[in-house]
Amino acid sequence: MTLPRLALAVIGDEIGPTLDEMISFCAENDVRRLDMRTVGGRNLMGMTLDEVAGIAKAIEKAGLSVPTFVSPVLKWPMPGKEAAGGKVDFAFDPTTCPADDPLAHAFDIAIVLKARRLRVFSHLRYQGYQPFDLVPRFERLADLALTYSVDVEIENEPVCNVGSVAELAQFFAEYPEPRPGAVKPLIDIANGWSIGAPPGDADIQQLAPYVDAIHLKDRDMTAKRTVPMGDGDIPWADELKRLLRSVKVPEVLASIETHCPTDGRNATARSVVALRRIAGEIGVEVV
């Protein structure tokens, strides 16, 4: 059985804060895809479209593409609900958005970046959450996805209501999708492992047919910290084989989200090497 190939990408600000650092890393490590989130410590959601256009122009001039705007959409409290609290990386206050409609602004940014995907979340975790709570938000996102021809990718994130792969599977099982194919799962296997909830076979089987993008990082479970891919406890060769066996598309975007802020550039470079090595071991092409 031939497994789908992996289209390698890195998330730019996992390397360093400046666009020059992101672009030079890609040149040095033969990476052609750069997922974008922040530049100079500022989330693109807080920028005007003219500012984003300048960033997009520099990326295109460097010969790189942006597959995904890894936005912070819905990585903020649900209106009327009190978030559980705690540290939230890359959260966003939608009142600081320069546009009146943060959701439409996110899609406008994706268009400026020429990104085909928009990453979203599921609101910060609150007591009493039910998957149906999110339906109105995702109905709107699905409508925008079709209007803009940009896919919505919902990621499992521990600080959000959909935190594990199992919760992501539950959401897609219960969510009465109004626009088939407009909203897809963005599986982050390491996020599940980080909260002691590795994905089960049933979770992967349910989600895999709709997957066209994944996030990659690794976890030292004893030290309870994120480490470069290949240096942790996640059995990535097995996890990738299990997922890719059931994926329907010929190519899956594999975006490295290193989460090693004290040594981001080196950790991301090591993760790129590890992904290529692991993919080779299981017979998967990395492009």
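Counting heavy-atom neighbours within 6.0 Å of Y126 OH, excluding the residue itself, gives a total above 12.
Checking T268, N266, D218, D263 one by one against T258, the side chain to side chain donor-acceptor pair (under 3.5 Å) holds for a single residue, T268. Residue E155 is tested with R119, R117, K184 for a salt bridge (Lys or Arg N to Asp or Glu O under 4.0 Å); the sole match is R119.
The main-chain N or O of P158 is never found under 3.5 Å from a side-chain atom of N191 such that the two would form a donor-acceptor pair. The backbone N or O of L103 sits less than 3.5 Å from a side-chain atom of D101, completing a donor-acceptor pair. With hydrogens and angles disregarded, a donor-acceptor distance shorter than 3.5 Å links the side chain of R265 to the backbone of E21. Between the side chain of W236 and the main chain of K217, a donor-acceptor pair closer than 3.5 Å is present. Between the N29 side chain and the C26 main chain, no donor and acceptor come within less than 3.5 Å of each other. Looking at D133, its side chain does come within 3.5 Å of a backbone N or O of Q130 through a donor-acceptor pair. Side-chain atoms of H215 do not come within 3.5 Å of backbone N or O of E257 as any donor-acceptor pair. Using a distance-only test at 3.5 Å, with no hydrogens or angles considered, no donor-acceptor pair links the side chain of D212 to the main chain of V252. Between the N156 side chain and the V162 main chain, no donor and acceptor come within less than 3.5 Å of each other.
For D89, the side chain to side chain donor-acceptor pair (under 3.5 Å) partners are K87, not counting sequence neighbours. For the ring-ring contact (aromatic ring centres under 6.0 Å, His included) test, no residue two or more places apart in sequence or in another chain qualifies with F90.
Hydrophobic cluster membership is shared by I154 and F107, with clusters built from Ile, Leu, Val, Met, Phe, Trp and Tyr side chains linked at under 4.5 angstrom. In terms of hydrophobic clustering, with Ile, Leu, Val, Met, Phe, Trp and Tyr side chains grouped at heavy-atom distances under 4.5 Å, L118 and M47 are assigned to a common cluster. If you chain together hydrophobic residues whose side chains sit under 4.5 Å apart, I187 and V10 fall into the same group.
Nearest approach of D201 to R242, heavy atoms of both residues: OD1-NH1, 2.7 Å. Nearest approach of V73 to A106, heavy atoms of both residues: CG2-CB, 3.5 Å. Scanning all heavy atoms of the two residues, the minimum distance from A104 to R140 falls at CB-NH2, 4.4 Å.
Annotation: cation-pi geometry satisfied between K75 and F121 (NZ/CZ under 6.0 angstrom from ring centroid, within 45° of ring axis).
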Compile the donor-acceptor pairs under 3.5 Å between side chains in residues 225-233 and protein atoms, sequence neighbours left out, one pair per line.
| residue | atom | partner | partner atom | Å |
| --- | --- | --- | --- | --- |
| T226 | OG1 | R219 | NH1 | 3.1 |
| D231 | OD2 | R270 | NH2 | 2.2 |
| D233 | OD2 | M221 | N | 2.7 |

Per-pair distances, 0.1 Å, donor-acceptor, side chain in residues 166-173, under 3.5 Å, sequence neighbours excluded:
| residue | atom | partner | partner atom | Å |
| --- | --- | --- | --- | --- |
| E167 | OE1 | R125 | NH2 | 3.0 |
| E167 | OE1 | G163 | N | 2.7 |
| E167 | OE1 | S164 | N | 3.1 |
| E167 | OE2 | R125 | NH1 | 3.3 |
| Q170 | NE2 | E174 | OE2 | 3.2 |

List the atom pairs, with distances to 0.1 Å, where a side-chain N or O of residues 55-67 and a protein N or O form a donor-acceptor pair under 3.5 Å, not counting sequence neighbours.
| residue | atom | partner | partner atom | Å |
| --- | --- | --- | --- | --- |
| E60 | OE2 | K114 | NZ | 3.1 |

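Expressed to the nearest 0.5 Å, how far CG of L124 lies from CE of M78 amounts to 10.5 Å. The CD1 atom of I189 sits 5.5 Å away from the CG atom of L243 when rounded to the nearest 0.5 Å. Atom CG of L244 and atom CG of L6 lie 5.5 Å apart (nearest 0.5 Å). With values rounded to the nearest 0.5 angstrom, S24 atom OG is found 9.5 Å from L19 atom CG.
Judged as a ring-ring contact (aromatic ring centres under 6.0 Å, His included), not a single pair has a partner in residues 8-49 (not counting sequence neighbours).
For the residue pair T95 / D93, a side-chain donor-acceptor distance below 3.5 Å is found, with atom types taken as modelled.
Residues K241 and V284 have side chains not in contact (no heavy-atom distance under 4.5 Å, counting atoms from C-beta outward).
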*Let me see the working for T38 and N43 under side-chain hydrogen bond (donor to acceptor under 3.5 Å, both in side chains), right down to the final yes or no.*
CA-CA 4 Å; T38 71; N43 199 292; over 6 Å; no
